[in-house]
Amino acid sequence: MSKNFYITTPIYYPSGKPHMGHAYSSIVADIFARFKRLEGCNVLFLTGTDEHGQKIQKEAEKNNKDPKKFCDEISETFRSLTKILNLTNNDFIRTTEIRHSKSVNEIWKRLIKSGDIYLDKYSGWYSVSDEAYYDKDEIEEQNGKKISKTSGSSVEWVEEESYFFKLSAFQKKLLDHYKKNEDFILPHSRKNEVVKFVEKGLKDLSISRTSFSWGIPVPENKKHVIYVWLDALTNYLSALNFPNTKDEKYKSFWPADVHIIGKDILRFHAVYWPAFLFAANLPLPKKIFGHGWILSNEKKMSKSLGNILDPIQVIKDYGIDQLRYYLIKEVSLGNDGSISMENLKNCINNDLANNYGNLCQRVFSFIKKNCDNKIPARNNLKDGDIKLIENIKENIPKLIDHINKQNLNEYVKMVVNFSFEANKYFNDSEPWALKKKDPKRMHAILHTIVEQIKNISILLNPIMPIATKKVLDTINLSDKEISINNILKDNNLDYNSELKDLNILFKKIENDN
RNA sequence: GGCGAGGUAGCUCAGUUGGUUAGAGCACAGGACUCAUAAGCCUGGGGUCGGCGGUUCGAAUCCGCCCCUCGCUACCA
């Protein structure tokens with residue numbers, strides 16, 4: 001009965017510290033994962049690290065470490081980030097694990113079998129310092145030396161034996177797939193880029209390297225290691241025990257429902273990955289969502305600009321729920337979004353402290369003082385009360401739709417509106433004026449507002465798991481009742497237990513620091 | 001250069017197939033209230049909707065030209 005749902009983040013390349021972009025991808029994926037669980041889905045949420053390649057090998061050498069040991073350490077910082085970000089990933093995959101190399105080997109064999117791999121030579125102008133090949137028109141001659149126009153570093157003509165993947169053969173199949181599956185690549189603006197790119201024609205792809213050794217060896221030719229993208233992308237299958245297609249996990253979760261990625265790696269996911277899967281005769285993921293970049297004060301974060309926002313530091317200063325909420329509210333998923341400390345503070349103070357946080361505070365302390373600290377039962381509700389409650393219920397399909405369309409922004413705005421509405425309702429109803437005059441009416445109002453707080457908190461739970469859990473604990477709602485279904489039910493609050501104490505949910509941020 | 005996206009209030013953006021006085025949040029100013037984290041609620045100012053021209057009874061919305069910003073343009077991830 002419960003639907004399976006498989007969502008992934010990119011696996012991160014641990015050549016440096018985790019940054020805001022990593023945090024963003026992970027948080028976004030976690031929010032979808034959590035929401036799907038609220039809906040009652042059986043969710044598999046995967047993240048991990050991509051550890052092979054020349055860069056890692058060099059870094060390890062520089063640090064005088066065995067590459068595997070080096071990766072163990074850095075991978076660990078990404079694993080600890082999942083805790084800091086409060087992610088609910090069910091698994092954490094590393095490309096240095098055996099289960100992964102098994103899976104990559106199988107993919108390789110399948111591509112060989114299908115005849116989509118051949119051995120040839122790769123040649124071109126290569127810059128050692130940039131670790132990149134340049135096209136003829138990307139280089140120029142200076143003092144008799146060839147240099148790259150863009151980086152200025154010297155390049156040399158290199159010929160390297162390499163295995164190639166017949167990417168060119170998949171142009172039509174890819175274009176057909178894009179056409180038949182409108183939402184395969186999202187957002188649509190990015191889809192157009194990919195389509196235009198593929199329409200221009202595809203060259204075969206070099207999928208092995210001999211210039212370094214830190215990678216998964218080509219099964220039949222150990223001089224080569226498998227090109228890092230063929231290696232990395234396969235992780236999505238490895239976590240399902242892939243070579244074993246009879247495995248429960250594989251059967252339940254492949255094809256993936258959505259790969260959440262940054263726009264910078266869209267091509268690999270939207271062109272190479274489907275082509276590999278076509279060749280391997282495996283189903284394609286249902287959706288690839290390329291989100292935008294997080295900019296700091298309108299600019300790309302860079303050391304020279306001094307505008308780097310370290311997610312770990314921001315979380316230390318302001319809290320993880322706060323960062324999660326802010327990123328989702330402020331940035332429209334799919335577009336680049338600018339964030340700033342100034343806006344973060346405003347957002348925390350307005351939406352969280354003044355609006356949602358204070359709503360909970362004012363209501364619960366009112367109940368404590370006037371209702372023996374128990375939620376009044378559902379009695380004597382007036383049309384206005386019912387209308388308020390029903391408004392959320394009626395909007396549930398719309399909210400689910402926003403999530404299914406990755407419209408996180410709209411989702412949050414709608415939920416926050418419920419919170420505005422609840423504050424207004426409380427104000428207009430003036431329960432404080434009814435203590436003596438009409439306690440029945442006062443009780444009806446308080447019942448209604450608690451119902452709203454409960455439902456709003458459930459809806460915000462995927463975004464701010466810690467704070468909303470505190471609120472739901474206060475009204476004695478158990479974990480398993482935190483679900484979309486619970487919102488749709490009537491009259492299911494706990495009227496017998498006393499409310500637990502709720503401390504200030506979100507501290508306000510002072511302006512002077 | 002080619003292809004694509006966009007330029008709407010001080011800031012971030014929404015504006016459905018062209019239709020009455022162009023909207024929201026934040027910021028700013030004023031008011032009534034007190035349950036609450038001096039929070040919440042109400043009211044208000046502020047926009048030649050990038051520029052010019054065209055189609056139309058009527059254009060932020062359609063067409064043309066121009067100006068500006070941004071993305072993609074193949075093997076660093």
Side-chain angles (χ1 to χ4, degrees), chain A residues 10-16 50 52-56 122 124 126-127 129-135 151 162 164-165 167-168 187-207 209 227-230 232 262-268 271-272 292-293 295 298 329-332 335-340 342-343 345-347 349-370 409-410 413 416-417 419-420 422-435 442 445-446 449 502-509:
Chain A
I11 48 173
Y12 302 116
Y13 200 67
S15 61
D50 170 20
H52 291 133
Q54 192 167 32
K55 238 184 213 166
I56 294 284
Y122 186 78
Y126 185 73
S127 155
S129 57
D130 298 349
E131 290 173 27
Y133 281 92
Y134 291 100
D135 220 42
S151 70
S162 170
F164 282 81
F165 172 70
L167 184 62
S168 58
H188 289 121
S189 57
R190 296 249 154 66
K191 176 195 164 166
N192 294 337
E193 285 176 13
V194 172
V195 170
K196 285 278 150 55
F197 171 80
V198 175
E199 278 175 353
K200 277 202 297 190
L202 296 165
K203 279 195 218 159
D204 288 350
L205 186 68
S206 158
I207 50 162
R209 295 287 187 274
Y227 170 54
V228 72
W229 273 109
L230 181 54
K263 64 177 184 180
D264 47 334
I265 53 174
L266 182 62
R267 172 164 323 128
F268 305 102
V271 181
Y272 300 172
W293 281 336
L295 311 175
E298 313 281 318
K329 168 84 186 304
E330 190 77 3
V331 179
S332 134
N335 296 324
D336 288 355
S338 184
I339 62 171
S340 69
E342 183 69 22
N343 287 341
K345 286 175 197 170
N346 275 338
C347 176
N349 288 348
N350 292 320
D351 286 18
L352 301 184
N354 293 348
N355 191 323
Y356 173 68
N358 185 52
L359 172 69
C360 297
Q361 211 65 40
R362 68 195 296 204
V363 169
F364 295 147
S365 78
F366 194 94
I367 290 177
K368 189 169 188 178
K369 282 180 198 156
N370 302 294
N409 227 14
E410 291 303 312
K413 278 177 193 160
V416 174
N417 263 337
S419 184
F420 281 125
N423 263 317
K424 179 173 163 50
Y425 167 84
F426 201 63
N427 251 71
D428 294 352
S429 310
E430 299 187 338
W432 48 89
L434 302 168
K435 280 178 224 174
M442 180 185 84
I445 291 162
L446 288 167
I449 196 83
L502 180 69
N503 294 323
I504 294 290
L505 267 186
F506 304 101
K507 277 193 202 123
K508 293 188 76 159
I509 312 296

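Quick note on labels: first sequence line is chain A, next is B, and so on, each numbered from 1. Only this structure's heavy atoms are used, side chains among them; waters, hydrogens and symmetry mates stay out. Please read all numbers here as calculations on a predicted model, not as lab measurements.
B:rC66 and B:rA74 are spaced 34 Å apart, taking the C1' atom of each and rounding to whole Å. B:rG6 and B:rG50 have their P atoms separated by 13 Å, given to the nearest Å. Spacing between B:rC63 and B:rU69 at atom C1', rounded to whole Å, works out to 23 Å. The same atom, P, is picked in B:rG54 and in B:rA60; the two are 15 Å apart, to the nearest Å. Between the C1' atoms of B:rU21 and B:rC49, the separation comes to 16 Å (whole Å). B:rA5 and B:rC62 are spaced 12 Å apart, taking the P atom of each and rounding to whole Å. Atom C1' of B:rU16 sits at a distance of 14 Å from the matching atom of B:rG23, rounded to the whole Å. Straight-line distance between the P atoms of B:rG71 and B:rG46: roughly 37 Å, to the nearest whole Å.
Listed here is the closest heavy atom pair of A:Ser419 and A:Leu359: OG-CD2, 4.1 Å.
Looking at heavy atoms from C-beta onward, A:Asn423 lies out of side-chain contact with A:Phe420 at the 4.5 angstrom threshold. Using a 4.5 Å heavy-atom threshold, the side chains of A:Asn354 and A:Phe506 count as separate. Residues A:Lys508 and A:Asn358 are not in side-chain contact: their nearest non-hydrogen atoms beyond the backbone lie 4.5 Å or more apart. Side-chain contact between A:Leu230 and A:Phe268 is absent, with no heavy atoms from C-beta onward closer than 4.5 Å. Between A:Val194 and A:Val271, some side-chain heavy-atom pair lies under the 4.5 Å cut-off. Proximity of A:Lys369 to A:Trp432: side-chain heavy atoms (C-beta onward) are nowhere separated by under 4.5 Å.
Within 4.0 Å (heavy atoms only), A:Gly201 reaches at least one base atom of the nucleic acid. When heavy atoms are screened at a 4.0 angstrom cut-off, A:Lys508 is found touching base atoms of the nucleic acid. Nucleic acid contact for A:Ser189: none, since no nucleic acid atom lies under 4.0 Å from a heavy atom of the residue. At the heavy-atom level, A:Leu505 lies under 4.0 Å from base atoms of the strands shown. Note on A:Val228: only backbone sugar-phosphate atoms sit closer than 4.0 angstrom, heavy atoms only; bases stay farther off. Within the nucleic acid shown, A:Asp50 comes within 4.0 Å of sugar-phosphate atoms alone, with no base atom in reach, counting heavy atoms only. A:Lys200 comes within 4.0 angstrom of sugar-phosphate atoms only, judged by non-hydrogen atoms across all strands, and of no base.
Spacing between atom CZ of A:Phe364 and atom C1' of B:rU37 amounts to 15 Å, rounded to whole angstrom units. The nearest whole Å value for the distance from the NZ atom in A:Lys263 to the P atom in B:rC72 is 6 Å. Distance CD1 (A:Ile265) to P (B:rC72): 14 Å, rounded to an integer number of Å. The distance from atom CD of A:Glu193 to atom C1' of B:rU73 is 10 Å, rounded to the nearest whole Å. One atom, CZ of A:Arg267, and another, P of B:rC72, lie 9 Å apart when rounded to the nearest Å. We find that CZ of A:Phe366 is positioned 16 Å from C1' of B:rA39, with the value rounded to whole Å. The CD1-P distance, from A:Ile445 to B:rG40, rounds to 20 Å in whole Å. The distance between atom CG of A:Leu266 and atom P of B:rA77, rounded to the nearest whole Å, is 16 Å.
To the nearest 0.5 Å, atoms CE (A:Met442) and CG (A:Leu446) are separated by 5.5 Å. To the nearest 0.5 Å, the span separating CG on A:Asp351 from NZ on A:Lys413 amounts to 10.5 Å. Once rounded to the nearest 0.5 Å, the distance linking CD1 of A:Ile207 with CZ of A:Phe164 reads 9.5 Å.
Of the possible polar contacts, one joining the A:Tyr13 side chain to the A:His52 backbone as a donor-acceptor pair under 3.5 Å is found. Listed for the A:Asn349 side chain is a donor-acceptor partner under 3.5 Å among the backbone atoms of A:Ile509. Here the side chain of A:Asp50 pairs no donor or acceptor atom with the backbone of A:Tyr12 at under 3.5 angstrom.
A:Asn354 contributes no side-chain N or O that forms a donor-acceptor pair with the base of B:rA39 under 3.5 Å.
A:Lys369 has a side-chain polar atom (N or O) that falls below the 4.0 Å cut-off from OP1 or OP2 of B:rA36.
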Heteroatom pairs (N/O) under 3.5 angstrom, protein to nucleotides 13-15 of chain B:
none

Could you go over nucleotides 24-34 of chain B and give all protein N or O partners under 3.5 Å, atom names and distances?
from   : atom 1 : to       : atom 2 : distance (Å)
B:rC26 : O3'    : A:Asn350 : ND2    : 3.0

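Taking a pair as Watson-Crick or G-U wobble with both distances under 3.5 Å, the runs of three or more consecutive pairs in RNA chain B are B:1-7 with B:67-73, B:10-13 with B:23-26, B:28-31 with B:41-44, B:50-54 with B:62-66.
Between A:Lys196 and A:Leu205, the residue anchored nearer the 5' end of RNA chain B, judged by the nucleotide with its closest heavy atom, is A:Lys196. Checking A:Arg209 against A:Asp428, the closest nucleotide of RNA chain B that is more toward the 5' end is the one next to A:Asp428.
A ring-centre distance under 6.0 Å is not found for A:Tyr272 and A:Trp229.
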